[in-house]
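Only this structure's heavy atoms are used, side chains among them; waters, hydrogens and symmetry mates stay out.
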Amino acid sequence: MSWIPIVPRADADPALAAAYDAVSGARGTVANILGVHSVHPEAMTAHLRLYAELMFTQSELTRAERETVAVAVSRANHCFYCITHHGAALRRLVRDDVLVDALAADPDGAPLGARSRAFVTYALKLTRTPHAVVESDLAPLRAVGLSDGGLHDLVAVVAYFNFVNRLAAGLGVELETTP
């Protein structure tokens, strides 16, 4: 599951039990990327709140655009965990296996529309060479319709997936097994 133990629900103290209840969602399970926070329950619930806010609330970026960025950033970081999870989410949204497979294999060369290409190009630069990002890098994003709020949301999604990818890599978080 990970390089640090994920405390089983049966062994959870009251704070962790409450965190598990808060993050278990409709499926009644806790993804390993959240479970790895079992040693810090407050981080678990904060992580879920941030994820939900960035990925599911109203934004100029569609859910599919956010998942596209998630897959591109995760591919750049070689994060199999997030490529798999967010590739599956993107497949459900766009119903285009060829596109998702291309994005997961090579986000630089994936056949994207102009808006998604602008998002992915920026996301990859911010991921690979954050020190090289300059204000003029925002011009293509503004050209495809992003306001300041949309720019914020895009940068926050990119930053979030860099955080999660490093959490998965740094703690050896593995994909969940199905029973």
Side-chain angles (χ1 to χ4, degrees), residues 23 31-34 36-37 40 42-173:
V23 304
N32 287 345
I33 200 68
L34 293 172
V36 78
H37 292 296
H40 190 168
E42 296 82 5
M44 182 187 296
T45 55
H47 181 158
L48 181 65
R49 283 192 312 274
L50 179 61
Y51 170 71
E53 181 65 29
L54 295 176
M55 297 300 286
F56 295 98
T57 60
Q58 184 65 35
S59 174
E60 292 174 29
L61 282 69
T62 67
R63 281 271 302 120
E65 289 169 340
R66 289 178 264 191
E67 293 293 354
T68 296
V69 168
V71 173
V73 168
S74 298
R75 177 63 182 102
N77 287 324
H78 304 280
C79 183
F80 181 72
Y81 185 96
C82 289
I83 293 168
T84 302
H85 273 276
H86 294 280
L90 184 57
R91 279 180 214 288
R92 287 189 299 275
L93 292 166
V94 301
R95 301 186 190 290
D96 185 342
D97 290 343
V98 172
L99 172 66
V100 177
D101 289 345
L103 184 64
D106 177 20
D108 291 298
L112 300 169
R115 185 172 156 103
S116 290
R117 172 54 54 208
F119 293 174
V120 166
T121 298
Y122 180 82
L124 293 174
K125 183 173 184 179
L126 184 56
T127 296
R128 293 172 177 155
T129 56
H131 60 279
V133 173
V134 294
E135 186 175 5
S136 62
D137 291 322
L138 302 180
L141 302 170
R142 291 187 189 284
V144 296
L146 288 189
S147 70
D148 290 345
L151 292 168
H152 168 274
D153 292 352
L154 175 61
V155 170
V157 169
V158 173
Y160 170 78
F161 279 96
N162 276 288
F163 159 71
V164 172
N165 293 168
R166 281 154 182 77
L167 185 65
L171 294 175
V173 179

Could you report the tightest heavy-atom contact between [X] and [Y], atom names first, then the distance?
X	Y	value
A76	T127	CB-CG2, 4.0 Å
V120	A72	CG1-CB, 3.9 Å
A64	L90	O-CD1, 3.5 Å
A114	V144	O-CG1, 4.1 Å
A118	P140	CB-O, 4.1 Å
V173	I33	CG1-N, 3.8 Å

Supply the atom-to-atom distance [X] [atom1] to [Y] [atom2], rounded to the nearest 0.5 angstrom.
X	Y	atom1	atom2	value
N32	L167	CG	CG	11.0 Å
F80	H85	CZ	NE2	9.5 Å
L54	H152	CG	NE2	7.5 Å
L99	T68	CG	OG1	6.5 Å
R66	S59	CZ	OG	4.5 Å
D108	R128	CG	CZ	4.0 Å

With a 3.5 Å distance limit and no angle check, can you tell me whether [X] reaches the backbone of [Y] through a side-chain donor-acceptor pair?
X	Y	result
D106	A102	no
R75	V71	no
R117	A110	yes

I would like to know whether E60 and L154 meet side chain to side chain contact (heavy atoms under 4.5 Å, CB included); could you show each step before the answer? CA-CA 9 Å; E60 292 174 29; L154 175 61; over 6 Å; no
Set out, in order, the CA-CA distance, both residues' side-chain angles and the distance that settles side chain to side chain contact (heavy atoms under 4.5 Å, CB included) for N162 and V158, then state yes or no. CA-CA 6 Å; N162 276 288; V158 173; 3.6 Å; yes
In sequence, state the C-alpha distance, the side-chain angles, and the governing distance for R142 and L151, and then conclude on side chain to side chain contact (heavy atoms under 4.5 Å, CB included). CA-CA 8 Å; R142 291 187 189 284; L151 292 168; 3.4 Å; yes
What's the verdict on side chain to side chain contact (heavy atoms under 4.5 Å, CB included) for D137 and T121, showing C-alpha distance, side-chain angles and the deciding distance? CA-CA 10 Å; D137 291 322; T121 298; over 6 Å; no
Note: R91-D101 ion pair, threshold 4.0 Å (strictly below):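 Judged by the 4.0 Å cut-off on N to carboxylate O distance, R91 and D101 do form a salt bridge.
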R63 bridged to E67 by N-O distance under 4.0 Å: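 Salt bridge between R63 and E67, a charged N being under 4.0 Å from a carboxylate O: yes.
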Do Q58 and D153 have side chains that get closer than 4.5 Å, going by heavy atoms? no
Can you find a pair of side-chain heavy atoms, one from L146 and one from L61, that are under 4.5 Å apart? yes
If you look only at pairs with a residue in residues 114-150, which of them pass as a ring-ring contact (aromatic ring centres under 6.0 Å, His included), with sequence neighbours excluded?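 Residue pairs with at least one partner in residues 114-150: there are none.
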If we count only N and O atoms by modelled type, under 3.5 Å, do the side chains of Y160 and H47 hold a donor and an acceptor together? yes
Only one of V73, N77, V164 clears side-chain contact (heavy atoms from CB on, under 4.5 Å) with C82; which?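 Single side-chain contact (heavy atoms from CB on, under 4.5 Å) partner of C82 among V73, N77, V164: V164.
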More than 12 heavy atoms of other residues, nucleotides or ligands under 6.0 Å from OH of Y51: yes or no? yes
Under the salt bridge (Lys or Arg N to Asp or Glu O under 4.0 Å) rule, collect the residues that match up with R92, sequence neighbours excluded.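 With sequence neighbours excluded, R92 shows a salt bridge (Lys or Arg N to Asp or Glu O under 4.0 Å) to no residue whatsoever.
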